[in-house]
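Everything below concerns the one structure shown next.
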Number of protein chains: 4
Amino acid sequence: MNTAPERREEILATAAEVFAAQGYRATTVRRIADAAGMLAGSLYYHFDSKESMLDEILSGFLNELWARYDAVLGSGLGPRETIEALVTESFREIDRRRDAVAIYQKEARHLQDQPRFAYLAASQVKFEKAWLGTLERGVAERAFRADLDVRLTYRFLRDTVWVAASWYRPGGQHSPEEIARQYLSMVLEGITLRE
Amino acid sequence: MNTAPERREEILATAAEVFAAQGYRATTVRRIADAAGMLAGSLYYHFDSKESMLDEILSGFLNELWARYDAVLGSGLGPRETIEALVTESFREIDRRRDAVAIYQKEARHLQDQPRFAYLAASQVKFEKAWLGTLERGVAERAFRADLDVRLTYRFLRDTVWVAASWYRPGGQHSPEEIARQYLSMVLEGITLRE
Amino acid sequence: MNTAPERREEILATAAEVFAAQGYRATTVRRIADAAGMLAGSLYYHFDSKESMLDEILSGFLNELWARYDAVLGSGLGPRETIEALVTESFREIDRRRDAVAIYQKEARHLQDQPRFAYLAASQVKFEKAWLGTLERGVAERAFRADLDVRLTYRFLRDTVWVAASWYRPGGQHSPEEIARQYLSMVLEGITLRE
Amino acid sequence: MNTAPERREEILATAAEVFAAQGYRATTVRRIADAAGMLAGSLYYHFDSKESMLDEILSGFLNELWARYDAVLGSGLGPRETIEALVTESFREIDRRRDAVAIYQKEARHLQDQPRFAYLAASQVKFEKAWLGTLERGVAERAFRADLDVRLTYRFLRDTVWVAASWYRPGGQHSPEEIARQYLSMVLEGITLRE
DNA sequence: TATGAATGAGCTTTCATTCAT
DNA sequence: GATGAATGAAAGCTCATTCAT
């Protein structure tokens, strides 16, 4: 199962693309193989199973994401700046691994019940801790409004950011940073015009 | 195919529940039948295929939704009030048909390529027209900020509302109207504390 | 998985026949289905898997065998009569379930490592206890020779009986009881002519 | 296909070991290669197929066996001494090629229908001729009992000897010759104590 | 001599669907 | 209205084998 890393990555990228486009279940192993220019059986030289491809895609994404998040969280920023940095890193990750994010979005919920994908639930918990904690700190430090339900705000922010993977196309007219800036502006200031 | 309407509705509700929990593809007809207390083959007395169950669930949801939306859009409200009404109706619909909304969220994108589900794409277009139009009117009438990309704002709003179906539980601590009010407050005013 | 018992038994008998003739691994599910007059997939209405057919065949055989053995062992016979009765019951079982015995013979050794087939090993242990015990009792009571290695004698007897399944054909010229009588005569008296 | 004979023999011994332990069909070429410290494809430098390994194992065993048997049969012994010599040679062969004998035992029956393995059937015939002939000669010469079915006696002897391969471990507490002596004692004199 | 990568045929299994009863 | 049994297509996966390097 350990092959030339480049070929693995190629196949994995192909698989991610197809999974994201058609859904994991609806994707046949044959379809991935076609897209990778080989026969279905040949995939099994590189990977144990369809599921293990999914696993690598998802864990690869989460590992990278958490490396960035941890850097942000460890750098001693204030609540508002932390939120800004997390949102920006999220959009950058969507830019880097759009397919993985889209798959995560669609499949994480039922996958996390399987032992193999327990790390999805674990990540979810860490995620909540990081965002919710920052929001609460912001309320305490009078950076954020106190009249909003924090959990609701958390979900709002979280969903808002990740759902973007469903329409985002890398190389489009807005850079990830630009999208992040606009999102943050909406979330932080609201869309109402103030004069 | 025409049976006592209550039995149909029961089965449909069951199917929606399972589809929402496991995904359409991953749901077997047998699982639905189990949950409905019958054998798999017996479902075919009421419906002619698994796909037609999905179809009824989705179109039932969209028909209801558009009846409400059309009422809002035809009532001559200003842009801000229109947005408020649409968001509120959306959360009410999530409250009424949580499963259908969750299914829609997950499956609409690839279903809309099939002729049978072309109405999903059509609805999407109408949807965009309604929301985007309202936002543009709001910018023109100086109700909304002009410095934000309107398409981005549209997507932001749209996603934000519907994704809620993934965590919303009817009968929870917040009523749909209360959730709508908080969401609107965030979107319209932002989460930043202003003194 | 619970269907009309007659159909199950029919299919099981067919499967046993094919397993015995070609070996478990070499037998395809399609071949069993062909012989049973159905399509491969249809077997799965009645059974969970190819392995579960094997399981039922083997456990059915062992259950029946042990019912008979236990009756013999509990009836207070002397060592020689016990051996005679066990051998006779064994040949009767071969007559009744030739295929199952042949499969057992060929496959038991490697199957017993799998948890599902642990009962094969358990049966083996009980088996040894019964036969070896009887032989030892026979030696103690001066019914059997003391100059032979008892374990060797045990293996000799055990193998000798069961291997017969590989050539025995029900309805042949000798009844199971007649074969048992000849086998016993050889084992007990030897083949040497004494005058 | 012609390589250093030592490497071939090594691989063949490895293959025989795995075949004997797991069964021919259940053994993958990769498993053999693993055990031989190479990759699956590399085996094909030495052998042209999995089947040809089996072929060499089996024919190697039979050739050696027949060389010994022929020596015994050509040496003009009486029936009892012939049986004794054949049994002894058989146990020596089990000692030398335990795996091959075990494979033979399990696979010969269905292999012999394939043209490639027709020699298995031929050997079987020769075998029967030698043993059955000796037994008949023994009955005629009043060395063996006349009241036993000779064919049954033949099968009894044959099976009894070869099945030992399934439990025999070279280097165990009994030498092949010792095992042969005990077996012969049982078969010739019976296990009953005579005073 | 051996490796790494691929092939292709065939395997067990799943599942939506049908239909006589 | 529902059951029990079967169909048939397609799925994921295995594995002996090939072959350029």
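Chain identifiers are assigned alphabetically (A, B, ...) following the order of the sequence lines, protein sequences preceding nucleic acid strands; residue numbering begins at 1 within each chain.
- The neighbour count for C/R96 CZ, taken as heavy atoms of other residues, nucleotides or ligands under 6.0 Å away, is above 12.
- Of the nucleotides present, E/dA2 is the one that pairs with F/dT21 by Watson-Crick or G-U wobble criteria, both distances under 3.5 Å.
- Taking side-chain N and O atoms only, A/H46 has no distance below 4.0 Å to OP1 or OP2 of E/dG4.
- In this model, the phosphate group of E/dT3 is approached by a side-chain N or O of D/S42 to a distance below 4.0 Å at OP1 or OP2.
- Judged by distance alone, with hydrogens and angles left aside, the side-chain atoms of A/K106 form no donor-acceptor pair with the main-chain N or O of A/F19 at under 3.5 Å.
- Here F/dG12 presents its C1' atom at 13 Å from CG of A/D48, a figure rounded to the nearest Å.
- Donor-acceptor pairing under 3.5 Å is lacking for the side chains of B/Y119 and B/N63.
- Look at A/Y45 and you'll find a side-chain N or O under 4.0 angstrom from OP1 or OP2 of E/dA5.
- Look at CD on C/E6: it is 13 Å from P on F/dG4, rounded to the nearest Å.
- Atom CD1 in D/I103 sits 11.0 Å away from atom CZ in D/R97 (nearest 0.5 Å).
- Base pairing of E/dG10: its partner is F/dC13, meeting the Watson-Crick or G-U wobble criterion (both donor-acceptor distances under 3.5 Å).
- In this structure a side-chain-to-backbone donor-acceptor pair under 3.5 Å is present from A/Y24 to A/E51.
- Once rounded to the nearest 0.5 Å, the distance linking CZ of B/R98 with CD of B/E93 reads 13.5 Å.
- Using a distance-only test at 3.5 Å, with no hydrogens or angles considered, no donor-acceptor pair links the side chain of C/S123 to the main chain of C/L120.
- Atom-to-atom, CD of A/Q22 to P of F/dA10 comes out at 16 Å; the value is rounded to the nearest Å.
- Projected onto DNA chain E by closest heavy-atom contact, B/Y24 and D/I11 fall at different nucleotides, the more 5' of which corresponds to D/I11.
- DNA chain E lies under 4.0 Å from at least one heavy atom of each of the following residues of residues 26-41 of chain C: C/T27, C/T28, C/V29, C/G41.
- One atom, NZ of D/K50, and another, C1' of E/dG10, lie 14 Å apart when rounded to the nearest Å.
- The CZ atom of D/F47 sits 14 Å away from the C1' atom of E/dT1 (whole-angstrom rounding).
- Distances shorter than 4.0 Å separate some side-chain N or O of C/Y44 from OP1 or OP2 on E/dT13.
- Closest-nucleotide positions on DNA chain F for C/L43 and A/S49 were compared, and the one nearer the 5' end corresponds to C/L43.
- When the side-chain nitrogen and oxygen atoms of B/R25 are compared with OP1 and OP2 of E/dC15, none of them lie within a distance under 4.0 Å.
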